[in-house]
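Per chain, numbering begins at 1; letters A, B, ... match sequence-line order. Since the structure is predicted, the reported quantities are computational estimates derived from the model, not experimental observations.
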2 protein chains.
Amino acid sequence: MLTSQRKSLILDTLRRDGQVIAKQVAESLSLSEDTIRRDLREMAAEGLLKRVHGGAMPLSPELPDFSTRKDVSLAAKRRLGAKAAGLIRPGQMIFLDGGTTTAEVTRQLPRNFGFTVVTHSPTIAADLEHHPTAEVIVIGGRLYKHSMVATGAAAMAAISQLRPDLFFLGVTAAHPVHGLSTGDFEEAAIKRHIAHSSAETYVLLTGEKLDRVSACQVLPVADVSGLIVPEEVTQAQLAPYRSLNAAILAA
Amino acid sequence: MLTSQRKSLILDTLRRDGQVIAKQVAESLSLSEDTIRRDLREMAAEGLLKRVHGGAMPLSPELPDFSTRKDVSLAAKRRLGAKAAGLIRPGQMIFLDGGTTTAEVTRQLPRNFGFTVVTHSPTIAADLEHHPTAEVIVIGGRLYKHSMVATGAAAMAAISQLRPDLFFLGVTAAHPVHGLSTGDFEEAAIKRHIAHSSAETYVLLTGEKLDRVSACQVLPVADVSGLIVPEEVTQAQLAPYRSLNAAILAA
DNA sequence: AATTATCATGCATTTTCACGCAATCCTGTG
DNA sequence: CACAGGATTGCGTGAAAATGCATGATAATT
């Protein structure tokens with residue numbers, strides 16, 4: 001295993017769990033704790049994490065998630081959400097993926113006509129508590145806490161019974177060749193299944209996700225009905241996607 | 001558990017409850033009170049909180065008004081929640097009903113051992129996002145927005161496949177003759193079904209719910225394993241329930 | 001005033017840490 | 001191919017930190 005690989009693994013763990021325990025990492029990688037500690041020391045010096053006794057913590061606990069990850073692209077996400085919400089027609093059944101991007105769709109859903117929202121994310125469902133006209137259907141299953149979505153056989157089975165008109169998909173990366181991808185295998189399978197069950201699938205993509213690749217592919221780009229991207233993205237960046245038959249909506 | 005993590009947990013508790021009790025924290029984390037006291041001392045030195053006998057308080061005493069106003073029934077709910085959470089044993093499967101009372105159970109779940117939480121409330125599921133040791137299973141179905149729980153055939157079917165060890169039931173009314181009841185027919189059916197699927201059922205009852213009746217009966221009082229009530233409730237009030245074989249736990 | 005609960009301190013034990021050193025591996029050059 | 005130079009890793013050492021327990025002091029309650 002490469003050092004840089006190990007370090008990014010540590011960062012992933014940190015993002016996912018909000019903590020890293022040196023002993024655990026050492027054990028799971030079959031390396032000495034010294035090596036891990038050395039890594040942690042170096043990464044702390046680079047300002048990537050905060051060293052604490054026993055392991056490491058994110059730099060400023062959790063709030064950078066809100067203020068950094070959210071604020072930076074919040075305006076863009078809002079516009080994506082509004083664009084997506086504008087596609088909805090009365091009486092349709094909409095499937096909303098989990099994640100911060102699709103959460104913005106939730107907040108901008110139409111309020112002047114009725115429709116049905118299906119979601120496997122309890123967070124999204126909870127956000128819809130006060131929506132006046134949306135009928136909400138929750139997909140159950142084992143909760144994958146990192147992205148707060150239900151997964152597993154039960155979720156797959158429940159999804160199979162529905163035929164949504166629209167699916168708003170969220171992913172962590174999009175690439176012309178490697179397609180739309182996300183970090184978790186199980187999650188990717190669920191997303192794929194929802195897309196196959198739905199009449200149309202639109203991907204919401206903030207600019208920084210373009211031309212990137214994550215571990216598990218969800219779908220090829222050509223398999224979705226369209227990409228919704230911020231208007232700042234240049235035509236040059238979009239050209240490789242355009243040639244894949246994907247409709248592109250700028251928001 | 002990392003020390004820094006513990007400290008931020010203490011700060012969270014402080015923000016949420018407006019107070020921290022050393023003994024409680026020690027117990028919920030399976031650590032000695034010395035350790036917690038040491039933390040509190042250090043954090044007080046850093047100006048993060050104000051040390052008081054028995055625990056700690058926030059620096060700015062913004063809440064004396066708050067606490068007196070709201071705490072009467074909230075504090076009672078908290079104690080009910082703590083009592084309920086104390087019944088949980090490692091590895092068990094717990095079903096949590098929806099509602100504000102059971103939400104307090106969620107916040108006080110043990111953090112020092114693993115167990116599984118099942119719930120048909122997306123709100124409860126969302127609250128468990130940052131719980132370190134709880135495995136969460138969401139029951140899906142059509143969302144009944146008034147109480148924010150999944151209902152309907154799909155929910156019933158999913159519940160049928162589980163055999164929880166404990167069910168913490170919330171109702172709007174309890175009466176010795178008319179039993180435990182709630183306002184919605186569909187909701188009552190679901191609660192009843194969960195109770196029948198579970199090995200043991202405990203009802204959380206704040207004082208004002210005693211000797212009242214709502215439209216739809218969930219279960220007779222005799223059908224549950226026990227009632228969890230605030231300690232202020234008098235023995236005279238409880239006598240009619242006691243005679244129904246219901247164990248009564250004062251919190 | 002008596003009793004109980006909570007606290008601070010010192011000490012012992014365990015865990016975690018940083019440093020130095022040696023073994024190993026990779027790389028590039030003669 | 002051989003070998004030097006650098007990087008990476010694991011181990012031993014003593015130091016530092018974290019934790020729990022015992023003890024006497026202090027605060028709260030009755």
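Side-chain N/O atoms of Ser198(B) and Thr201(B) include no donor and acceptor closer than 3.5 Å. Judged purely by distance below 3.5 Å, without hydrogens or angles, the side chains of Thr123(A) and Glu129(B) never pair a donor atom with an acceptor atom.
The shortest distance between the side-chain N/O atoms of Thr35(B) and the OP1/OP2 oxygens of dG20(D) is below 4.0 Å.
Within the structure, no pair that satisfies the salt bridge (charged side-chain N to carboxylate O under 4.0 Å, His left out) test touches residues 241-251 of chain B, not counting sequence neighbours. Within the structure, no pair that satisfies the side-chain hydrogen bond (donor to acceptor under 3.5 Å, both in side chains) test touches residues 43-53 of chain B, not counting sequence neighbours.
We find that CD1 of Ile36(A) is positioned 13 Å from P of dC11(D), with the value rounded to whole Å. Rounded to whole angstrom, the span from the CG atom of Leu31(A) across to the P atom of dT8(D) amounts to 13 Å. Rounded to whole angstrom, the span from the CG atom of Leu40(B) across to the P atom of dT9(C) amounts to 15 Å. Regarding Glu42(B), its CD atom lies at a distance of 12 Å from the C1' atom of dT19(D), rounded to whole Å.
Between Thr102(B) and Phe95(B), every side-chain heavy-atom pair lies at or beyond the 4.5 Å cut-off.
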When you check every protein heavy atom under 4.0 Å of nucleotides 14-21 of chain C, what one-letter string (B, S, -) results, 5' to 3'? --SBSB--

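Qualifying salt bridge (charged side-chain N to carboxylate O under 4.0 Å, His left out) partners for Glu27(B), counting only residues two or more places apart in sequence or in other chains: none. When the side-chain hydrogen bond (donor to acceptor under 3.5 Å, both in side chains) test is applied to Thr100(B), the partners found at least two apart in sequence or on another chain are Lys77(B).
The end-to-end axis angle of the helix from dA1(C)-dT30(D) to dG30(C)-dC1(D), rounded to 10 degrees and based on five pairs per end, is 30°.
Between His131(B) and Phe115(B), the ring center distance clears the sub-6.0 Å criterion.
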